[in-house]
Structure formats: structure tokens, C-alpha cells
Enquirer: 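Pasting a structure here, questions to come.
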Amino acid sequence: MPSFDTVLEADFVEVKNAIDQVAREIGTRFDFKGTSAAIELKDKEIILHGDADFQLQQIDDVLRGKLTKRGVDARFLDVGKVEKAGGDKVKQVVKVRNGISTEDGKKIQQVIKGSKIKVQGAIQGDAVRVTGAKRDDLQAAMALIKSELKDLPLSFNNFRD
């Protein structure tokens, strides 16, 4: 039976390269000279360090620009709150989304069930497997999922006939 998986996966090699580029730019930009501006990657979290909220916003803008140039959708970023990091320094944790949450999986299932396309969706871990009898129905389901859930940077893999 034909099927495909709907997944939410960022290309972490490109994310790491973009963070390296941002770190280099922070080191060379005049407005960051002599400040505590920095960026680091730990597991699936990007940590921004700076002297003020404004500086964190500048680093975030540079990061989004570099990610976009490298083909990574900015919707993968889940920005946290600005926290005090001791003294007059601040930090912000930006999580990189990876895997479909259960509530987003349920939304995908509801979109599929709400349409009259003859396909079924099943949540399997951090992906949603969609199966159907015809290849055309699966392609229609892909288009429907992309159009209905614009806030998620979904991709499709494991397409099988």
C-alpha cells in the first residue's frame, strides 16, 4: 500500500554552519566589539549571550539571515524568553524544533480526516505516516497538509508505492 511520512526535521549540519558564521560575524562587527555578545549550540538549543535585549535581537536577526541563506526555514526556531545571566548580562535560549509534537500530529490527522481524500494518518513517534490506495490521493494529501499547516515547516519522506 502506498505511503509517506510527514516529518519536521531541520538540517543540523546547515544549522551548525550558520551558527559558526554568526559567531565569526559577531567577532568582526564593529557594534559587537568589546561586548559579551556570543552564540553557542548545545544539543538542539542555540544560546544567545549579550549585554542587553537589543543586542540579543541583533544576534537573532543575523542568525535568521544566515539560516535562510543556508536553506533552513526560520520556522524551526522556537525562541524562549530573555533571562538575566548575572550582572548586567542577558541570555536567550532558542530551541530548534525536531520531530512533530503529539498535538501537531493530531492536527495533521484532523486535516486528513476532514478532507474527503481516501487516506489515513497514523502518528508514529515524531512522524505521521499517511497511507492510501492511490498515489494521486497521497499527492493530494501532501498538498492539503502543506496548505493547511503553514506555521510548521513540514517535509515528506519515505514515499513508497
Enquirer: Kindly indicate whether the side chain of Gln120, heavy atoms from C-beta on, has any atom under 4.5 Å from the side chain of Val130.
Expert: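 A side-chain contact under 4.5 Å is absent here.
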Enquirer: Less than 4.5 Å apart, any side-chain heavy atom of Pro153 and any of Leu8?
Expert: yes
Enquirer: Minimum heavy-atom separation for Ala10 to Phe76, with atom names?
Expert: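 In this case the closest contact between Ala10 and Phe76 is N-CE2, 3.6 Å.
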Enquirer: To the nearest 0.5 Å, what is the distance between CG (Leu138) and CZ (Arg160)?
Expert: 12.5 Å
Enquirer: Under the salt bridge (charged side-chain N to carboxylate O under 4.0 Å, His left out) criterion, do Glu25 and Lys66 qualify, and how do the steps go?
Expert: CA-CA 10 Å; Glu25 185 167 329; Lys66 298 293 183 188; 3.2 Å; yes
Enquirer: Return the minimal non-hydrogen interatomic distance between Leu144 and Ser115, and the atom names on each side.
Expert: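 So the two residues come closest at CD2-CB, 3.4 Å.
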Enquirer: Checking side-chain contact (heavy atoms from CB on, under 4.5 Å) against Thr6, which of Val128, Ile112, Leu152, Ile123 comes through?
Expert: Val128
Enquirer: Walk me through it: do Asp61 and Gln57 pass the test side chain to side chain donor-acceptor pair (under 3.5 Å)?
Expert: CA-CA 6 Å; Asp61 290 343; Gln57 185 61 42; 3.1 Å; yes
Enquirer: Any Lys/Arg nitrogen of Asp20 or Lys16 sitting under 4.0 Å from an Asp/Glu carboxylate oxygen of the other?
Expert: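 Yes, this pair counts.
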Enquirer: Taking side chain as C-beta onward, heavy atoms only, is Arg70 less than 4.5 Å from Asn17?
Expert: yes
Enquirer: How about Lys95: does its NZ atom have over 12 heavy atoms from other parts shown lying under 6.0 Å from it?
Expert: no
Enquirer: Test your reading of the model: is there a side-chain donor-acceptor pair from Gln109 to the backbone of Gly121, 3.5 Å cut-off?
Expert: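 Side chain of Gln109 to backbone of Gly121: a pair is present.
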Enquirer: With rounding to the nearest 0.5 Å, note down the distance linking OG in Ser101 to NZ in Lys107.
Expert: 7.5 Å
Enquirer: Is a side-chain N or O of Glu14 found less than 3.5 angstrom from the main chain of Gly71, in a donor-acceptor match?
Expert: no
Enquirer: Check whether any side-chain N or O of Lys33 sits under 3.5 Å from a backbone N or O of Gly27 as a donor-acceptor pair, and report yes or no.
Expert: yes
Enquirer: Identify whether Leu41 and Val93 are in the same connected component of the hydrophobic contact network (ILVMFWY, side-chain heavy atoms under 4.5 Å).
Expert: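 No, it is not one cluster - the side chains of Leu41 and Val93 are not joined through contacts under 4.5 Å.
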Enquirer: Considering non-hydrogen atoms only, spot the tightest contact between Val119 and Ala141 and give its length.
Expert: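 It is CG2-CB, 4.1 Å.
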Enquirer: Identify the heavy atoms of His49 and Ile59 that sit nearest to each other, and give their distance.
Expert: O-CD1, 3.4 Å
Enquirer: How many angstroms lie between atom CD1 of Ile145 and atom CG of Leu154, to the nearest 0.5 angstrom?
Expert: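 Ile145 CD1 to Leu154 CG: 7.5 Å, rounded to 0.5 Å.
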Enquirer: Go through the steps for Val15 and Val13 under the test side-chain contact (heavy atoms from CB on, under 4.5 Å), then give the verdict.
Expert: CA-CA 5 Å; Val15 171; Val13 173; over 6 Å; no
Enquirer: Do Gln58 and Leu56 come close enough that some side-chain heavy atom pair is under 4.5 Å?
Expert: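 In short, these two side chains do not touch, never coming nearer than 4.5 Å.
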Enquirer: Do the side chains of Arg29 and Val62 get nearer than 4.5 Å, heavy atoms only?
Expert: yes
Enquirer: Could you grab the distance from atom CD of Gln110 to atom CD1 of Ile108, nearest 0.5 Å is fine?
Expert: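 Reported value, rounded in 0.5 Å steps: 11.5 Å.
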Enquirer: Keeping to residues at least two apart or across chains, list the salt bridge (Lys or Arg N to Asp or Glu O under 4.0 Å) pairs with something in residues 44-56.
Expert: Asp51-Lys89
Enquirer: Nearest heavy-atom pair of Ile26 and Phe32: which atoms, and what distance?
Expert: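 Distance-wise, the nearest heavy atoms are O-CB, 3.4 Å.
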Enquirer: Applying side chain to side chain contact (heavy atoms under 4.5 Å, CB included), name anything that partners Asn157, two or more places apart in sequence or on another chain.
Expert: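 So Asn157 forms a side chain to side chain contact (heavy atoms under 4.5 Å, CB included) with Asp5, Val7, Glu9.
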Enquirer: How close do Ile117 and Asp137 get, counting heavy atoms only, and between which atoms?
Expert: CG2-O, 3.5 Å
Enquirer: Going from CD1 on Ile47 to CD on Glu83, what distance comes out if it is rounded to the nearest 0.5 angstrom?
Expert: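 If we round to the nearest 0.5 Å, Ile47:CD1 and Glu83:CD are 9.0 Å apart.
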Enquirer: Looking at residues at least two apart in the chain, or sitting in another chain, which of them share a ring-ring contact (aromatic ring centres under 6.0 Å, His included) with Phe156?
Expert: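 With neighbours one apart ignored, the set is Phe4.
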Enquirer: Rounded to the nearest 0.5 Å, how far apart are CG of Asp73 and CZ of Arg97?
Expert: 9.5 Å
Enquirer: Is it the case that over 12 heavy atoms from other parts of the model lie below 6.0 angstrom from the CZ atom of Arg75?
Expert: yes
Enquirer: Output yes when Lys134 and Asp136 qualify as a salt bridge under the 4.0 Å nitrogen-oxygen rule, no when they do not.
Expert: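 So Lys134 does not pair with Asp136 through a salt bridge.
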